[in-house]
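Heads up, the thing below is written out as C-alpha cells.
Every chain is numbered from 1 and lettered A, B, ... according to where its sequence line falls, protein lines coming before strand lines.
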Amino acid sequence: MSTSVDRTVGARRRQGRSRRGFGIAAVVAAGGMVLAACSSSSSSASSATSPASTAPVTITFANWASDESNTAPGLKAAIALYEKENPNVTIVSQPVSYSNIGSQLLLEVRSGDAPDVAEVQGDYTAALAYDSALAPLTPYAGSSFVKSLVPQSVTEGTYNGQFVATPWIIAPFGLWYNKNILASAGISGPPSTVTALESDLAKVKAKYPPSTGMIPFGFDSTNRSFGLDINWSFMKDFGATPMSESTTTLAVQTPQFTNYLSFIRSLGQNGYDVPNQLQGHFRAIAAVNKVAFAVDGPYFQSAVQATNHMTNAQFYSTFGVTTIPSGSSGTHYTVPTDHQLVMFKTAKNKAAAWKFMQWLTTSPQAVKDYTIPYEDALPPLKQTNPAWASLVNNPNFTAYKNVIEPTAIRPGWGPKYDVAFPPIMTGVETAMTTATPLAQIESTMQSQYKTALQSAGLNTP
Amino acid sequence: MASVTITEVMKKFGDEPVLQHCNLQVDDGEFVVLVGASGSGKTTLLRIVAGLEELTDGQVMIGDRVVNDVDVKDRNIAMVFQNYALYPHMNVYDNMAFGLRRQHTPKVEIAERVTSAAKILGIEHLVKRKPKQLSGGQRQRVALGRAIVRQPSVFLMDEPLSNLDAHLRAEMRGEILKLHRRLAATFIFVTHDQVEALTMGDRIAVMSDGKILQVGTPDDLYQRPVNRFVGGFIGAPAMGFITCDVVTVGDGVVLRNASAEVYLPPERAALVAQRATGPVSVGLRPDYLRLCGDGGPAGSGTVLRGIVEVVEPLGADQHVMVRVGDASLTAKLPRSDRLQIDDKVTLTVTDDVGVHVFDSASGDALS
Amino acid sequence: MTTEVLPAEGTTHPAGPPTWARFHRLIRKKRMLWMVLPTLAILAFVIAYPAVRAVQLSFTSTSLINPVARGVGFTNYRTLFHDSVFYTALKNTLVFTGSSVLLAGVGGLVLALLLEDFLGRFRWVQTVLLTPWAVPTVVAAYLFRYMFEESGGVVNSVLLQLHLVSHAVPFLASPQWSMPTVVLANVWAQLPFFLLVFSAGLKTVPDEVVEAARTDGAGRWSIVRHVKLHYLRSAAVIAVLLMVIANFNNFPHIESMTGGGPGISTTTLVIYVYQLAFSSYDVGYASAVGVVWLVILLVLAVGFVRAVRMEGTS
C-alpha cells in the first residue's frame, strides 16, 4: 500500500500549516504588545475653569433619570425649561441605566471622557470621591446655600472633608405598607420594632397563604451594593456593623450578626420574602396589592403609580410609609439612597455647570415640576417653599421629612465596601435559602472578604 | 421453498405508472435475470420483491407466502446493491456479521458463517479492513458475503457488476454463477447489459417501459422474440430493421421496399399476410447476412441493396454497417470480404431463421 | 522547493484545501505581504491587544477607583488558587455547560430523528421548533424568569393545579433549583441549533446503506444506533465543541434570570469576572481570573481544531 506516501504529504502540509500559523500569531501578538505598551500610561486629568459668560455653553449630564420611563419625561421637560431660561446653555442628557452608571463613570474618568455633571448615589459617589475625580463644590455653592440644605444630606455628600456631591432628592429607605392588606389581616398599624414586624408578617401569611400570590415582605437580598445598603439598617438593628473603611476584617463572626442572620433565615424559611429579587421586582407586584410590606425609597410611589395608574389621593389612602423597624435598643436606622449631583474635575465650564446643578436640585420651579411629581421625593431643603408646600402636605411626605430622614446614617461606603458586599450579600442569600450552619456562612464570608481585599490590594489599611 | 411469484404487479408514483401488469414466476433455485434499459422499471420491480418499495396493486409471493404486507426484514431475502452499500465505519467482518448480530445469532455460529463465506469469496485476508481500504471488486465480494451469511431464501441483486471494469466484471460473473451453483438458492439478478443477461440467466425477463415484454431462456429470446423491442435488444451485434410493404405476388407474398425484397417460406409468409395491417418492420440478424457474390441471392432469394458506411474489423469477423434505403443494417461478414466505405453491396440472407417480421405499429411479432 | 507528490492510485487523498500551498507561495512574494498588513493590524488591535493587556493587568493590583496600577507579580494568581468563589464559579461553569450541551444535544438528536420523515404537510413542525433560536436571548431569559417565579409564575400554577406539588417550588430562589432552571432556559434556546445540525446530518445518510441495514434485519432503533449515528459523528463533534465554547461564555441567561444568585449557586466564571470588574471595580484580579479562563478555553479550542482536522481526514 502507498500509505507512507500519504503520510509524508500530509505531514509536510501540517508542518507548513503550523509554521505559518505560528508566524502569524507571533506578528499579531507583537502588534498587541506594542499597542499595550503605548497605551498603559494613563492620561492625567486636566482642569480648565473659565468664568461664566454668555458665550454658548454645552453641559453634558449623565443620569439614570432619563433612562427610566417614569422619570424620563419629567426630566426632559425640566431641562427644556432651563434651556429656555438660559438660551446660551445646551444640556446634553446622557441616559445610563442605574446598574451600569457606577462602573461607566469610573471608566469614563479613566479614559478622560467624563461628563461635566452626573447623577450619582451612595456607593457610586464614594467610588468617584476616592478616585479624586470630583470637583469640590463649596467654591461655587457658597456656605449659605450649603446651610440651607438638610444636614444629613450634606454629610452624605462630604468625603475627606470636601463637599463634592450636592443632594438632589432626599430618599432614605422607609418601611412601606399596604393599609388595606394590614387591616384585613388584623394589624392595627405598622410595626415599630423588628419583633413586631415578624409577628405582623406571620399574621399576613396566615391570612394570605402562598397560593394567593401574596408576598408578606418585599425585601431586596441581591448581591449588589444596593442590596447591602438595604440590609445595613437591619444589621444595625441587631447591633451589627459588618465592615468599615478602617478595618480589614468583617465584623460578622459576632453574636449580633448571627442574630441578624437568624432573622434573615426566618424570612426565608417562613416564606415571608422572595430571595434574590431586585427591589424593582416588588414594586410592580405591590402595585397590584400583592405585597404587604416593602423596604424602599420614596420612588416606590412613582413606580407603583406607573403600573396601576393610581391618583395621588388613591395612593395615599392605600400605601403608608414609616421608619425601618428598630431593634431592641429602640433606635431606628435607615440608609439614604439620596440622588446627588456631582461635577467632574474635567468639566470645562464649572460655574455654568454649578448653576444648572443648583437650579435642578433646589429651584422652586424644578422642585414643583420634577422632584415632587416625578420622583415623589422631597427636595434637600430645610425650609418648605410656598411654591410647592401644598404638594408635600400629605402623610407620606410628612413621615419622610419628620420621622424617617432624621434616622439616616451612612453605611461604610468606600473602596472596601465594593469588595465587601459580595461576600456579605452572598452569605445573606445563603442564610436565607439554605440550612447551612450560620457559623459556617460567617466564616466563609470572612475568608472570601480576605481574598477579595487581597486581590484588590486593599489589605493594607 | 424459495420460489418467487409476481402476479399482476402495478406501481404508480402519484399518477404516473411505473410498472404495469407484471407477471413472473421464478422457481426455487432458478437464476432469473431482469434486463432492460434505464427507466424500464426493473430495479423498481426488484425493490418491490425485496419490500423496499410498496406496490400499488398485485401480489408478490415468496414460497407459498404472500408477502405484500410483510416487512423487509421478515421476508428472508438478501439484497446486493449496485453501490454495495457497505457500512463504512465497520470492518469486513462486522459488515458481514451485522445482520446476524441483529438476529441475536450466537457468536460461534456468526464466526462460522462469516469465515466460511469469506473463504468462498476469497476475502479471508481482508476481514480486518474497512471498506475504504478495499478495491471495487473486493467491496463487491464483501457485499455478496453479507448476503450469503444470512442464508436467505432469495438473493436479489441490483446491477451489482455495473460499477466494475470490464475485466473484473467478467470475472465476477463467473464467481456469482459458481455461487449460485454452490448455494442452490434462488437468484433474481437485474442488469441493463444483455450480454450479462444472456450468459448468466436460466431465464430472462426483458422489461421496457414498466412492462415485462417476454420471459424465456436465452435461446427463446434470441430465436423467437415476441416483439420488436426484444428482437432489437437481445443479440450482439443488434438486429437491424427495415420497413417494408407486404406485397402479394402471385400466390406468394414478398416484403418489399425501394432497396430490398425479402422472401419468407410459404407458411410464415401466409401468416404475415394474414396479420399485417400495413407496412411491417423486418428484423435481420447480422449473423445471417452475407454478400451476394457471384452465386446470386441465397435460398429464398432475399436481396438487400445498400452502401457500406462503417467497417469494424474484429479478429476473424468484421461487422459491416450497410445503409439500405434509410435504414442501417449490420452484417457479420468474414474477414475475407474486402470492403471499403462507400462500396455498393448487395446482401442476402443465409437462413430465414434470421428474419423476423414485426408489426410497424405495435411491434408484435407477426411470424 | 517542494515537489508535489501524488498519492498512489487507490488510496485516500489526505484532506486539506489545496489552496494552502498556493497561499504560502503567494506570501513569499514580498509585495503580497503589504496587502495582508491591514488585516493583521486589525487582528492585533481587536484580539491581541485586549488579551495582552489582560495578562499585563493580571500581574498588577488595579482598581477602577485607584487608577494607578501596582505591580504585584503572581499575587493575584496565588489568591486565585485559594479563592473558594473561583472554584465554585468554575464548577458552576462546568455544570452549566455540560448539562446544557448534553440536554440540548440529545434533545436535538431525538427530535431530528423523529422529524426525519415529516415531509409535506408537517414540515412546518420543524420550522416551529427552530423559532426559539430566533428569540433574543435576554427576552427569552426574562420570559423564563417570569414563568418560573415562585408566586404568580405559570409553571408553579400548573404544578399546583395538577397537585404535583403541595406548595410552590422556589425555582429561582433556592440554590438547588436555580441552576437546573437556568440550564432549562438555556437548553430551550440551544436545542434548535442541534436540531438543525442533526437534521442536516441525517440528510447525508445514504439511503442505500439504510436499506441494506433493513434487509439485514435491523429494526428502527438498531438502524439509528449502528448506521445513522455514525454519519452524524463529525457534525456532532463540531456542534458539541462549538456549543461548549459558547456556553462557557454564556452571560445573558444567567445574569437576567438570577444575577448569579441566590448566593453563588449560579455564578459562573463569566458572571464572576463581570462582578469583579464592574461591581467591585477590581480590574487586576478580574484579569487574572480572565487569564485562567482564557487558558481553559484555549485548551478547548485546540481540542476543537484537532477534532475537526481528524474528522476531515476520516
Side-chain angles (χ1 to χ4, degrees), chain A residues 1-3 5-6 8-10 12-13 16-17 20 24 27-33 35-36 40 42 102-103 106-107 110 127 130-131 210-211 213-215 221-225 274-277 285 290 415 418-419 421-422 426-427 429-430 432-434 444 447-448 451-452 454-457, chain C residues 2 5 7-8 11-12 14 16 20-21 24 27 40-41 43-45 47-49 51-53 56 61 63-68 70 72 75-76 79 82-85 150-152 160 167-168 170 172-175 178 258-264 275 277-282 284-285 288 313:
Chain A
M1 276 275 157
S2 310
T3 34
V5 174
D6 294 342
T8 316
V9 175
R12 215 177 307 171
R13 286 222 177 88
R17 243 185 259 144
R20 186 179 40 71
I24 288 193
V27 172
V28 169
M33 279 190 256
L35 272 172
S40 44
S42 51
S103 52
L106 284 167
L107 285 166
R110 290 197 82 168
Y130 277 91
D131 200 16
S211 55
M214 175 69 69
I215 300 174
S221 63
T222 57
N223 186 1
R224 305 180 294 165
S225 62
V274 185
N276 199 30
Q277 291 293 3
I285 304 179
K290 288 284 185 209
D418 299 317
V419 299
F421 79 79
T426 52
E429 279 200 319
T430 310
M432 197 186 277
T433 58
T434 67
T444 308
S447 66
Q448 284 178 356
T451 307
Q454 196 175 331
S455 67
Chain C
T2 53
V5 182
T11 59
T12 49
W20 287 134
H24 216 175
I27 280 290
L40 286 181
L43 276 179
F45 186 66
I47 296 178
Y49 170 59
V52 171
R53 193 90 182 90
Q56 273 183 336
S61 171
S63 165
L64 280 183
I65 300 179
N66 190 3
V68 179
R70 232 177 55 212
V72 293
T75 308
N76 283 336
T79 310
H82 295 107
D83 185 355
S84 58
V85 179
E150 207 171 335
S151 54
L160 284 166
H167 44 257
L172 291 170
S174 92
S178 54
T258 60
I264 46 173
Q275 282 177 358
F278 299 113
S279 299
S280 299
Y281 311 128
D282 189 352
Y285 188 61
T313 53

Looking at A/Ser103, A/Ser455, A/Ala127, which has the largest count of heavy-atom pairs under 4.5 Å with chain C? A/Ser455
Looking only at heavy atoms and a cut-off of under 4.5 Å, which of A/Ala456, A/Ala452, A/Gly213 has the most pairs with chain C? A/Ala456
With only heavy atoms counted, which part of C/Asn76 is less than 4.5 Å from chain A, the side chain, the backbone, both or neither? side chain
Residues which pass ring pair (Phe, Tyr, Trp, His ring centres under 6.0 Å) with C/Phe278, listed by chain and number, not counting sequence neighbours: C/Tyr274
At a 4.5 Å cut-off on heavy atoms, which part of A/Pro422 comes close to chain C: side chain, backbone, both, or neither? side chain
Determine the minimum heavy-atom distance between C/Ala277 and C/Leu64, stating which atoms define it. O-CD1, 3.9 Å
So, A/Glu429 side chain and A/Asn276 main chain: donor-acceptor pair closer than 3.5 Å or not?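 At least one qualifying donor-acceptor pair exists.
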Which of these, C/Ser174, C/Ser178, C/Pro170, sits in a side chain to side chain contact (heavy atoms under 4.5 Å, CB included) with C/Pro262?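 For C/Pro262, the side chain to side chain contact (heavy atoms under 4.5 Å, CB included) test succeeds with only one of C/Ser174, C/Ser178, C/Pro170, which is C/Ser178.
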